[in-house]
Amino acid sequence: MNREDFPLLSEDIIYLDNSATSLKPKCVINKMNEYYEKYPANAHRGDYDLSFKVDQEYENTRELVKKFINAKYLEEVVFTSGATESLNMIVNGFFANYLEKDDEVLITTSEHASNVLPWFRLVKKLGIKVKYIPLDDHYYVTLDNVKKMINNKTKVISIAGITNVIGDERPIKEITKLAHDNNIFVVVDGAQMVPHIKVDVKDLDIDFLAFSGHKMCGPTGIGVLYGKKELLEHLEPINLGGGMNESFDNPDEVILKELPTRLEAGTPNIAGVIGLGEAIKYLNNIGLDKIIEQEHKLRKYLIDKLIPIKHIDIINIESDSGIVAFNVDKVFSQDVAYFLNKYNICVRAGNHCAKILKSSVGVTNTVRVSLYFYNTYEEIDNLVMLLSDYEKIVKEMI
Amino acid sequence: MEEETKRAIIMEHYENPLHRVRKDNEDYIKINTNNSSCIDNLDIYIKFNKDIIEDITFEGEACAISISSTSIMINNLINKTKEEALEYIHNFYDMTNGKEYNEELLKEGNAYHDIYKQGNRKNCATLPYRGIEKAILESLK
């Protein structure tokens, strides 16, 4: 659906790497061009009409994000360069000042590097402990397994809402309830979640949320850090500089601005913010419920066609998103990707930045197909036709 | 070299790679070599006897191009002096960059003659060479 909105889709190409980044609709591209062509001034700076227009557009996106994730206050929406920066700010700006030696952080083995490495640094720096919530047979997180891991040292649960290799959706609301009953903070990596399903931060009651614009039809280099206001107040800015200070006469008299400005030092990615706003409008117009419904239909269609193929080993027969990870018997995942590339099909091969998942799944690398609402049954037919011919794969993979 | 011959050489060395064994003995120097742009990841074990490369083995996960290229490279470098090995390596680089090179010297390495036309696979073919070159240069310091 909506294929006509995406310039790339008029080309002879099948794009199935949407978990890495989604395509951009024309309206988002136009909106960013509009900024560069018609009001390319700085935000929060000038007392002139052009700059005022920039401020309006910039803050309008904050309003759109607030409604999109149902945040309580505008100040809870901070613009960052992406989910990676958001997570690093949460860990280094907030938890580095809060956690103490031997405190425990619960993650899982299927987390993206961005939700692992910042915590590993605190292990080295503060002596905290990172522990892994066990995954069940289908690599899912269950509430029972979370319960088993909680003790009086547990201070944070930091997990993806939906993971990027398996595509499983975590029971965030239930986990958060359990966590808060035990005075544990909940951080959600929403990079693979926010583009696909409705995320209501008030209903889920999560403490922090991180996500990126480029996986949800928006531009690259822009993302969001959401935090409950009372927590963000204690998040120490990692970046200090222009736009975020009130005054700084000497080191003892540095006064910073209010939220969220004090967490957005320097000239922000204005075109990115404005483009993100347009992407949110675009997704709202289609409706997230329709988006996930279409993804589920497409995925089921793909899985049903892959299951009978004997030389294909599907890692995640069950999944809640549009992700299918698999391997072709005795063929390295990258060779499969090169083979498909010869037919203009874009898929990802590798560990998808979830390097510690191999300890749970037992497979280091996979081919990953990730679908979004604009993919079609015909595209899947083309993919399956190629994948079903083992001899052809082996013949043409080099 | 005919296209079919090149293909047959690559597939043979991919399906039945030579010298694919891990070496934990102290005589061997271990070098890890990986591609930042993809997921090929190999450990190469090399044993020098003074100026001579007495043995090389490897292990790891990589694509058909990397695995086969490693197998062929090792076959051609064992028993060479360090200087001869470097000459072989530089000839291989020249070939993969589409430059003039000594075809006779490379033997089965010629199977990758056209790899420079596939930008993203050039790194796969040269991966083991970068590892072994590093090990030789280190040993000469």
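In what follows, chains carry the letters A, B, and so on, assigned in the order in which the sequence lines appear, proteins first and then strands, with residues in each chain numbered from 1. As a basis for the values below, the full set of heavy atoms in this structure was taken, side chains included, without hydrogen atoms, waters or symmetry mates.
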Are Lys310(A) and Asp329(A) close enough for a salt bridge, meaning some N to O gap below 4.0 Å?
->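 The answer is no: the pair does not qualify as a salt bridge.
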Is Arg121(B) salt-bridged to Asp335(A), cutoff N-O under 4.0 Å?
->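 Salt bridge: yes.
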How long is the gap from OG on Ser321(A) to CE on Met193(A), to the nearest 0.5 Å?
->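 If I round to the nearest 0.5 Å, the distance is 11.0 Å.
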Would you mind telling me which of Val336(A), Leu387(A), Val367(A) makes a side-chain contact (heavy atoms from CB on, under 4.5 Å) with Val347(A)?
->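 Only one option passes, and that is Val367(A).
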Qualifying residue, where the test is side-chain contact (heavy atoms from CB on, under 4.5 Å) with Arg170(A) and the options are Asp320(A), Thr163(A), Ile162(A), Asp189(A) |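 The option that passes is Thr163(A).
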Does anything in residues 57-79 of chain B get under 4.5 Å of chain A by heavy atoms, and if so which residues?
->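 Hits under 4.5 Å: Glu61(B), Ala62(B), Cys63(B), Ala64(B), Ile65(B).
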Please look at Lys395(A) and chain B and tell me whether the side chain, the backbone, both or neither of the residue comes under 4.5 angstrom of a heavy atom of that chain.
->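 Its backbone and side chain both get close to chain B.
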Taking the six-membered ring of Tyr112(B), is NZ or CZ of Lys6(B) closer than 6.0 Å to its centre and within 45° of its axis?
->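 No, Lys6(B) does not lie over the aromatic ring of Tyr112(B).
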